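Okay, so here's the structure we're looking at.
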Amino acid sequence: MDYNYREVEQKWRTFWEENKTFKTEINPSKPKYYVLDMFPYPSGAGLHVGHPLGYIASDIIARYKRLKGFNVLHPMGFDSFGLPAEQYAIQTGQHPAITTEENITTYIRQLKQIGFSYDWDKEVRTSDAKYYKWTQWIFMQLFNHYYDKDANKALKISDLIVRFAESGNKSVNAVCDEDTVNFTAEDWNGMSEYEQQSMLLKYRLTYPDESVVNWCPGLGTVLANDEVKDGVSERGGFPVEQKKMKQWAMRITAYADRLIDGLNEVDWSDSMKDQQRNWIGRSTGASVRFSLYDVRDSMFDVSDSMFEVRNSENKQTSNNEQRTTKIEQQKSNNEKPTSIEVFTTRVDTIYGVSFMVIAPEHEYVPFLTTSEQKEAVEEYVQWVASRSELDRMSEVKKVSGVFTGSYVINPFNNEKVPIYLADYVLAGYGTGAVMGVPSGDQRDWNFATHFNLPIVPILDAQKDIDTQADNTKEGKYINSGIINGMNYKEATATLTKFLEENGIGKGKIQYRLRNAVFSRQRYWGEPVPAYFKDGLPYLMDESELPLTLPVIDKYLPTETGEPPLGRAEGWKYKGEYEYELSTMPGWAGSSWYWYRYMDAHNEAEFASQESINYWKAVDLYIGGSEHATGHLLYSRFWNKFLKDLGLVPEEEFAKKLINQGMIQGRSNFVYRVKESEGQGKKPVFVSFGLKDKYEVTPLHVDVNIVSNEVLDIQAFKNWRSEYVDAELILEDGKYICGVEVEKMSKRWYNVVNPDTLVDKVGADTLRLYEMFLGPLEQAKPWNTNGIDGSFRFIKKVWRLFYDDQDNFKVKDEVPTPAELKVLHTAIKKVEEDLERYSFNTVVSTLMICVNDLGSLKCSKKAILQDLVILMSPYTPHIAEELWTILGNEAGTISYANFPKFNPVYLVEANFEYPISINGKVRANLSFPTDTLPAEIEAAVRENEIVMKWLEGKEIKKVIVVPKRIVNVVM
RNA sequence: GCCAGGGUGGUGGAACUGGUAGACACGCAGGACUUAAAAUCCUGUGAGCCGUAACGCUCGUACGGGUUCGAUUCCCGUCCCCGGUACCA
């Protein structure tokens, strides 16, 4: 009889659950090890085969470390706020909490089925009020702190207020908004409450700010970037425009340097560190202020329709009498700007400036545009508003832009420089303005060539600048006023000094990193524990947490375009003040969850100091590389902040990080005819083979309603309400779908579920197979072609214990040297490979070991017992069963001792040297392992085969690499 | 576009620090067992070539160069694929 995996696996899963085999407690007598998985978003599609890849790997390490004597924390939880549940709620009216609960139940069932050694008592869910209470609490701490550059850490806002009252802000060296002006203690004490609070917002680590969003008037909502395709909404095909909106932001830039420095102390891949460093993008340069030249009039009526959207917030501001203070006036819309500031990393090229470019959404645009240029500018701004940031940065070859009609003055040579708008300058980055130096920058060169602007050489080393830009720093400066004849270093120093002495600029460090937007115009997220009084945000009291999500009738924005929370009846702080209506973004709850696992049910703190100081930081963190610059950066930021508050001990929360490669999915597509897009139109889809005859938009379709690329039409119509009466243009009576290999993701409907596989071959086989697929880090498309090999392996192991007639054949005999050699070869390799996280090669090693023991007909207990331990991290169910069968206490293999490798069994008397001649192997010669290289050389020189290959030529050299190879050079 | 990763047989992959390329598996082909099938076991399996045969030869790690006694591995350039690109998580 074959091994009955269904029965055995079920038996041990029940055992583990009932006996809480993996329950973990603080135990100072043992070394600790914390293995963490990036927790999943519980999608409606259930767990897919891509999830377990990382989970299996981390579970293997968790089990391996237990065998090595560590006290292992290995928890699992759910990142359960998010867009898909809300989207489902919009479609069905079902409360996202219900859907989420159902999905989590499914996930837990699926996870338990795979035999992970999680301590389920420590499970967390970010959408649980008991959890998000602490997310809100951390948010409040951020609001109540500012970043002090002298202390190089976050300090209390209450302390800042004291300092302002005593000496103003001149002596305060803190991270704050760019436009913060200097004030004295007198100024501060003379300010109204409103003015003081407004000022403090410029310092708080979280604060309301304006940022650009994808506004879709057709759907009356803000869309995520990936809900937008070709400038229209993915759902419904409505136009999308860029709009500025008041949003909460997190001052992550305050931590930019520490986020860069911290990378030096973690064991992450260099590529991952590079990505983070580049994302933060620290660059050293200078800011330079260019005065505006002769602004004759401001041609634009500020209330002009084109600018209405952008200025709506500002208008509100100026309507509010209280807010128009002396300080604010400088920024007010009614005053003409007098200069434009740029940031440059190449201040040395300043004499080569022949134009200036500002972002089309720059706030000065109305003032800079002359009446002659008004129409062209208006048209251009409108066009740019329809384009996403990504589109704008991607299209580098096509030059676009428009002249505003205005000029600035180059402060170094007093030349008139025309001001253009161009979409490659983004308002959100730097000052939203750049100086154009066509001889030294290719994009500027392209722009200058396109608009026929002068290209001035500035260095004598520049070559061929009439065909392309040359960004060299070599040579001496020419055409460059005060720096003529200098080299790069001298010039930069001279210019920076000049800027500072004349008050027109200064040396500056600029980051590409932007402060993180912390609002979503959605329902299914953490409510922000803030309310508004006179248009300013205030926190509720900590004792009033959690602020729970109110009940609403529909999960859509209000008629006036407010977020769904605007629908909540009477939802006001103390019945009086408006709450913040946006919710927190997806990354809020995931930015600190590893601490909650340490003490998941604590109601007094986010986790006890005792637990935090025992578990400290994550020793191994496994998750997808797609989180490189999102989750992993935000989490590091929050961790550093919590450390500043003295609440956690470690500067970096994840000591070792492994990025599992994506298991790619095979996506299926349907093709919607473009003419049928838009509200109220009947959707028309055309089959793959006929799609070239129409203008179509490819749309993802659920792979589970497609089989062999043929669409199940009825299932498709039921899939989404708007497709109920869709028309399908068929070929040969079928609707054929397109196929593409891409990331397996719920939002592309290409999720494949592991349940079927567990049923067909068992969890142990699935675990083994997923590891056997290849290196953990490498991406690979999912297919089950090789799974039989893993299944056979399990059966072969069983057959070492039982013969064909089901007789137990394990004997208590003394192992032979050959058997010990097989076993210890495996022990060595399994240990080495696990230490370097080479999960796939361990599977091969186990297979070779089992094959060899089979050939040796070895069924000796001493050998098999160690083999079972070696296997147990990969195939815990069968290992637990065999362990018990061998006479050990039931359910104890998880805490057994990893077999000790003994090199004695591997000693070889001889080594067979490959003999290569000019790099090509021509013979093999065996020598005792202690033979000296000179003796080997002598033997090789006299070898017949070698002589034959020499054909009478001289041997130039013989290279002997001990226990590797011999190479004869002739 | 920019940032980062990858490309090895029919397929997944191995080769750890520059040292016999293709371990281990899948698939395929042939054989054993069986009335038959499944399961299991055995043999072969990068491409091309020579030969009766043991064996041997040439090519071969995306493509083109380079460094080296020796390169899948290091360097330069090109092509293709995948992830991220700030509201998917």
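Within every chain, numbering begins at 1; the chains are lettered A, B, ... in the order of the sequence lines, protein sequences first and strands thereafter. Here the structure is a predicted model, which is why all the values come from computation and not from measurement.
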Tell me: [atom1] of [X] to [atom2] of [N], nearest whole Å?
X        : N     : atom1 : atom2 : value
A:Phe793 : B:G12 : CZ    : P     : 23 Å
A:Phe772 : B:A14 : CZ    : C1'   : 10 Å
A:Tyr107 : B:A89 : OH    : P     : 13 Å
A:Arg512 : B:A4  : CZ    : P     : 11 Å

Between [options], which nucleotide has the shortest distance from any of its atoms to the side chain of [X]?
X        : options             : answer
A:Met847 : B:G13, B:C3, B:A25  : B:A25
A:Ser844 : B:C87, B:A23, B:C3  : B:A23
A:Asp788 : B:C87, B:C24, B:C26 : B:C26
A:Lys829 : B:C16, B:A14, B:G83 : B:C16
A:Thr629 : B:G84, B:C24, B:G13 : B:G84
A:Arg799 : B:C41, B:C16, B:C3  : B:C41
A:Glu626 : B:A86, B:A89, B:A25 : B:A89
A:Leu773 : B:G12, B:C16, B:A4  : B:G12
A:Asn278 : B:A25, B:A4, B:C87  : B:A4
A:Leu83  : B:A89, B:U20, B:G13 : B:A89

Whole-Å [atom1] distance, [N] and [M]:
N     : M     : atom1 : answer
B:G18 : B:C57 : P     : 28 Å
B:C16 : B:U73 : P     : 12 Å
B:U34 : B:A53 : C1'   : 36 Å
B:U17 : B:G9  : P     : 23 Å
B:G19 : B:G27 : P     : 33 Å
B:G46 : B:U11 : C1'   : 13 Å
B:A39 : B:U20 : C1'   : 38 Å
B:G84 : B:G5  : P     : 16 Å

So what does [X] hit on the nucleic acid, given a heavy-atom distance under 4.0 Å: a base, only sugar-phosphate, or nothing?
X        : answer
A:Arg792 : sugar-phosphate
A:Asp833 : nothing
A:Asn659 : nothing
A:Leu513 : base
A:Trp587 : nothing
A:His627 : base
A:Val843 : nothing
A:Arg514 : base
A:Pro775 : sugar-phosphate
A:Ser519 : base
A:Lys956 : nothing

Please work out which of the three classes, parallel, tilted or perpendicular, describes the rings of [Y] and [X], given edges at 30° and 60°.
X        : Y        : answer
A:Tyr593 : A:Tyr621 : tilted
A:Tyr3   : A:Tyr5   : tilted
A:Trp798 : A:Tyr802 : parallel

Quick check on [N]: is either OP1 or OP2 less than 4.0 Å from any side-chain nitrogen or oxygen of [X]?
X        : N     : answer
A:Lys795 : B:U40 : yes
A:Arg922 : B:C57 : yes
A:Asn840 : B:A23 : no
A:Arg520 : B:C87 : yes
A:Asn918 : B:G70 : no
A:Lys920 : B:C59 : yes

Counterpart base for [N], defined by Watson-Crick or G-U wobble contacts under 3.5 Å:
N     : result
B:C41 : B:G31
B:U11 : B:A25
B:G60 : none
B:A36 : none
B:C55 : none
B:G83 : B:C3

Is there a side-chain hydrogen bond (donor to acceptor under 3.5 Å, both in side chains) between A:Ser582 and A:Glu580 once you walk through the steps?
CA-CA 6 Å; A:Ser582 66; A:Glu580 169 63 52; 2.6 Å; yes
Single hit among A:Trp587, A:Phe637, A:Tyr634 for ring-ring contact (aromatic ring centres under 6.0 Å, His included) with A:Phe518
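Among A:Trp587, A:Phe637, A:Tyr634, the one meeting ring-ring contact (aromatic ring centres under 6.0 Å, His included) with A:Phe518 is A:Trp587.
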Considering only NZ, NE, NH1 and NH2 on the basic side and carboxylate oxygens on the acidic side, decide whether A:Arg836 and A:Glu832 come within less than 4.0 Å.
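Salt bridge: no.
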Is it the case that more than 12 heavy atoms not belonging to A:Arg964 sit under 6.0 Å from its CZ atom?
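No - once you tally the heavy atoms of other residues, nucleotides and ligands closer than 6.0 Å, there are 12 at most.
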When A:Phe772 is tested against each of A:Thr841, A:Ile787, A:Val842, A:Val843 for side chain to side chain contact (heavy atoms under 4.5 Å, CB included), which residue passes?
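Of the listed residues A:Thr841, A:Ile787, A:Val842, A:Val843, the side chain to side chain contact (heavy atoms under 4.5 Å, CB included) partner of A:Phe772 is A:Val843.
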Name the residue closer to the 5' end of RNA chain B, choosing between A:Asn214 and A:Gly774 according to the nucleotide with the nearest heavy atom.
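Checking each residue's closest nucleotide, the 5'-ward one belongs to A:Gly774.
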Between A:Thr583 and A:Trp524, a side-chain donor and acceptor under 3.5 Å
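There is no such pair between these side chains.
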